[in-house]
Chemist: 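Sharing a structure here in C-alpha cells format.
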Amino acid sequence: MRTRLLVVLAVLGAIVVTAFAVPLALSTAEARTREFVAGRQAHLQRFAGLAEDYVRTGAEGLVQEEMDAYHELYAEGVAVVSTRGTGSFSTGAAPDDTRVADAVNSVLRNQRPSTPDVLTPWGAESVVFAQSVGTGTQVNGAVVIVASTEQARADIGVRWLLIGLGMVAALVLFGVLAVAVSGWVLRPLDRLSHRIRTLADTLPFAPPPEPGGPGSDGREETGPPELRALSRSFGTMASAVEHAVEAQRRLIADTAHQLRNPLAALQLRLDTLAPLVPPRGRAGFERAVSESQRLQGLLQDLLALSSAELPRDSSGAGRRCLPSLVAADRVDFWFDTAQRAGVTLVAPEVDTASWAAASAEDLQQILDVLLDNVCRYAGRGATATVRIHRHDDPSFPTPGITVEVADDGAGVAAEDLDRLTERFFRGTARTAEQGPAPSGTGLGLAIVDALVTANSGRLALVGTPGGGLTVRVALPRAAGHADDGAEEGAEDAVGGSGGPPAGTAEPGTRVERS
C-alpha cells in the first residue's frame, strides 16, 4: 500500500507540475519569438525606407553604409533587390540563396512571407525576413534580412532550463511530501495492526495466523497488503475474544454445576445433623444452614445468568409469545408467595393481538425475577401491577410491546437505580420500619438484563411516582400477526402450555393477600 500510495502521489505531482510547467515554457518561447520577430520587422521597415530611392533611381545614398553597419553589429545578412533594372547588392546574404530567392519572390508577388511561430532551442539557426519596397500596388524591389536565431534560441534555452530546474525541485518536494503523507497515513495502521497482533497473542484460544489465507467469509482477501494484514490480525483477535468469552461463560456454568453436588451433600448432612444439635449450638447451626441455602441460590442464579447470556438466533425464528398470557400465568404462579409476603398482585388484561418477538421461556424467567423481587423487597401492604401495552417509541428500532411491573412499595434509592443491573449489587436503602433487607444474590436483575438484551429488547428501571419501583421491558413486536388471526397459535404463547394453567388469576383483577 505504501508503494502504491507513493506512486499515486508521485504521478499526481508530476501531472500537476507538468500541467503548470509546459504552458509556462511555451508562453516564454512565444514571448521571446514575438520579441525577435518584432525587432527584425522594425529593421526591415527602416531598410525599406532607405532603399526606396535606390531601387527607383539607382542612387545608393546611405543604404550600403547602413547595411555594412548592421552586418557588423548583428552579424546578419542584408540584401536589396530592385525590379527597375538597378543592380542588386547585399552584405552577408547571397541573393541567389534558395531561401532568399523564395522570400524575394513572395514579397514581389505581394505575398506575406512566413515567419516562425515559436522558436525552440533546437530550431533553425537563421530565419529569412523580407519586405517589398514601393508604394501602393507598385512594387519596385525587396529588402531581405537573414536573421540569426542564436541569441533568441539561447535565451529560450536558459528560460526552459530554469523552468526544468523548477520542475525538478517541485517533483522533489512532491516526493518528500508523498513520503511524509504515506507515513502519516499508514503509521497508525501499522501501530494498530501490531497492537491487535500483540493482544491476540496474549489471549487464550487464539488460532494461528494464516498469512495470505482467505478471509473469514471464505473468499480470497484482496486490497493493500497493510489492510490485509490488519484484517487478518483483527480476525484472529475477534476469534480469540469469542473463544475467551465462551470459555468464561462455560467456566462459570461448569463451576456452578460442579459445586451443586457437594453443596447438596453438605445440605443433606446438615439436615441429618439437625436433630443432634444441642440447644446451645442451634443458633450457629441455623446460620450455617442459612449460608448453605444462600450459596445454593447463588449457584442457581449463576447457572441462570450463564444460560441467559447464550446468544439467540438472530433471525428470530421460533421466538414469539403473547406477553399478556405469559404475565397472567406468572402472576398465578406467584399467587401464594405474594399472599404470604402481604403483597397484592394485579394481573394484566389479556390481549391476544399483541405478540412479541421474544422467547416465552425467557419472558417467564424475566417475570419470575421481577415478581420474586416484588415479594421480597416491596414490603407488606404493597401493590404490584403488571401491565402490557404497545409502544411506538421512535428511539426503538421497531414497534414493540412493553411489559411493565410497577409497585408502590419500599422502592430504591435514586442513586442506586443505575446500578441495579450490576452483578452482585444490592440496594441498601431501607427504613427501620421495613427491617433488614432479605437475603439475595444480587444477580436477579443482571439475569433480566441479559435476557432482555438477548431478545433485542430494552430494560428501564425508574421510580414509581409516590414511591416504589417500576421496571419496563420493551420487546420488539412480532411481525405477521393480524388482529383477526392473532389467537391462532396461542397454544405456544406461554411456552407451549396452551394458555394459563388452571387457577390463573382473572386478568385485570387484584390478587389480595390473606
Side-chain angles (χ1 to χ4, degrees), residues 301 305 308 323-324 326-328 330-331 334 338 341 343-349 351 354 356-358 362-431 433-434 437-438 440-477 508 510-511:
D301 285 348
L305 179 61
S324 61
V326 175
R330 301 328 293 165
V331 167
W334 288 94
V343 175
T344 300
L345 297 182
V346 179
E349 296 287 346
D351 182 2
S354 298
D362 289 347
L363 184 55
Q364 286 176 343
Q365 192 170 357
I366 290 171
L367 289 170
D368 284 343
V369 172
L370 298 182
L371 294 176
D372 179 47
N373 283 351
V374 168
C375 295
R376 284 173 177 264
Y377 305 111
R380 302 188 68 84
T383 299
T385 304
V386 182
R387 302 185 184 91
I388 311 293
H389 58 86
R390 303 186 188 188
H391 73 265
D392 293 297
D393 186 352
S395 65
F396 204 67
T398 59
I401 306 294
T402 295
V403 180
E404 181 178 285
V405 178
D407 68 74
D408 57 1
V412 178
E415 60 271 17
D416 290 344
L417 283 175
D418 293 337
R419 301 189 59 192
L420 288 180
T421 56
E422 293 181 11
R423 298 179 184 183
F424 304 108
F425 175 79
R426 298 176 60 208
T428 56
R430 293 183 65 84
T431 64
E433 293 79 6
Q434 293 167 345
T441 61
L443 290 175
L445 289 177
I447 295 172
V448 170
D449 188 41
L451 289 171
V452 172
T453 301
N455 285 276
S456 303
R458 291 182 181 176
L459 176 66
L461 296 95
V462 296
T464 303
L469 178 67
T470 298
V471 181
R472 297 190 182 100
V473 176
L475 298 172
R477 193 180 305 170
R510 301 166 67 88
V511 182

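Numbers here are sequence positions counted from 1. In what follows, every heavy atom counts, from backbone to side chain, and hydrogens, waters and symmetry copies are set aside.
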Chemist: Can you name the nearest heavy-atom pair linking Pro323 to Ile401, along with the distance?
Modeler: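 Shortest heavy-atom contact: CG-CG2, 3.9 Å.
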Chemist: Mind listing the closest non-hydrogen atom pair of Gly400 and Arg477 along with its distance?
Modeler: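 Reported closest heavy-atom pair: O-NH2, 3.4 Å.
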Chemist: With sequence neighbours excluded, what pairs up with Thr470 under the side-chain hydrogen bond (donor to acceptor under 3.5 Å, both in side chains) test?
Modeler: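 Thr470: side-chain hydrogen bond (donor to acceptor under 3.5 Å, both in side chains) contacts with Thr464.
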Chemist: Counting distance only, does the side-chain N/O of Asp407 pair as donor-acceptor with the main-chain N or O of Gly468 below 3.5 Å?
Modeler: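 Checked: no pair found.
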Chemist: Please identify each residue that fulfils side-chain hydrogen bond (donor to acceptor under 3.5 Å, both in side chains) with Asp368, with sequence neighbours left out.
Modeler: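 Only Arg330, Trp334 meet the side-chain hydrogen bond (donor to acceptor under 3.5 Å, both in side chains) criterion with Asp368.
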Chemist: So which atom in Val331 and which in Ala347 form the shortest heavy-atom distance, rounded to 0.1 Å?
Modeler: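 The answer is CG1-CB, 4.0 Å.
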Chemist: Minimum heavy-atom separation for Cys375 to Ala341, with atom names?
Modeler: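 Closest approach of Cys375 to Ala341: O-CB, 3.4 Å.
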Chemist: So which heavy atom on Ser456 is nearest to which on Pro476, and how close?
Modeler: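 Closest pair (atom of Ser456, atom of Pro476, distance): O-CD, 3.5 Å.
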Chemist: Hey, could you give me the CG/CG distance between Leu367 and Leu451, rounded to the nearest 0.5 Å?
Modeler: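 If I round to the nearest 0.5 Å, the distance is 10.5 Å.
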Chemist: Kindly indicate, with the supporting measurements, whether the criterion side-chain contact (heavy atoms from CB on, under 4.5 Å) is fulfilled by Thr421 and Leu461.
Modeler: CA-CA 9 Å; Thr421 56; Leu461 296 95; 4.0 Å; yes
Chemist: Roughly how far apart are Gln365 CD and Leu370 CG, rounded to 0.5 Å?
Modeler: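 So the CD of Gln365 and the CG of Leu370 are separated by 11.0 Å.
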Chemist: Does the side chain of Leu345 reach to within under 4.5 Å of the side chain of Val386, using non-hydrogen atoms?
Modeler: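 Not touching, per the 4.5 Å side-chain cut-off.
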Chemist: Output every pair passing salt bridge (Lys or Arg N to Asp or Glu O under 4.0 Å) with a member in residues 464-474, not counting sequence neighbours, ordered by first then second residue.
Modeler: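 Sorted pair list: Glu404-Arg472.
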Chemist: What's the separation between atom OG1 in Thr402 and atom CG in Leu475, rounded to the nearest 0.5 Å?
Modeler: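 So the gap between those two atoms works out to 8.0 Å.
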Chemist: Calculate, to the nearest 0.5 Å, the distance between atoms CZ and CG belonging to Arg458 and Asp449 respectively.
Modeler: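 Here the rounded value is 12.5 Å.
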Chemist: Quick check for you: to the nearest 0.5 Å, what is the distance between Leu417 atom CG and Leu469 atom CG?
Modeler: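 Rounded to the nearest 0.5 Å, the CG-CG separation comes out at 6.5 Å.
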Chemist: Nearest 0.5 Å, what's the CG-CG distance between Asp362 and Asn455?
Modeler: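 Rounded to the nearest 0.5 Å, the CG-CG separation comes out at 4.5 Å.
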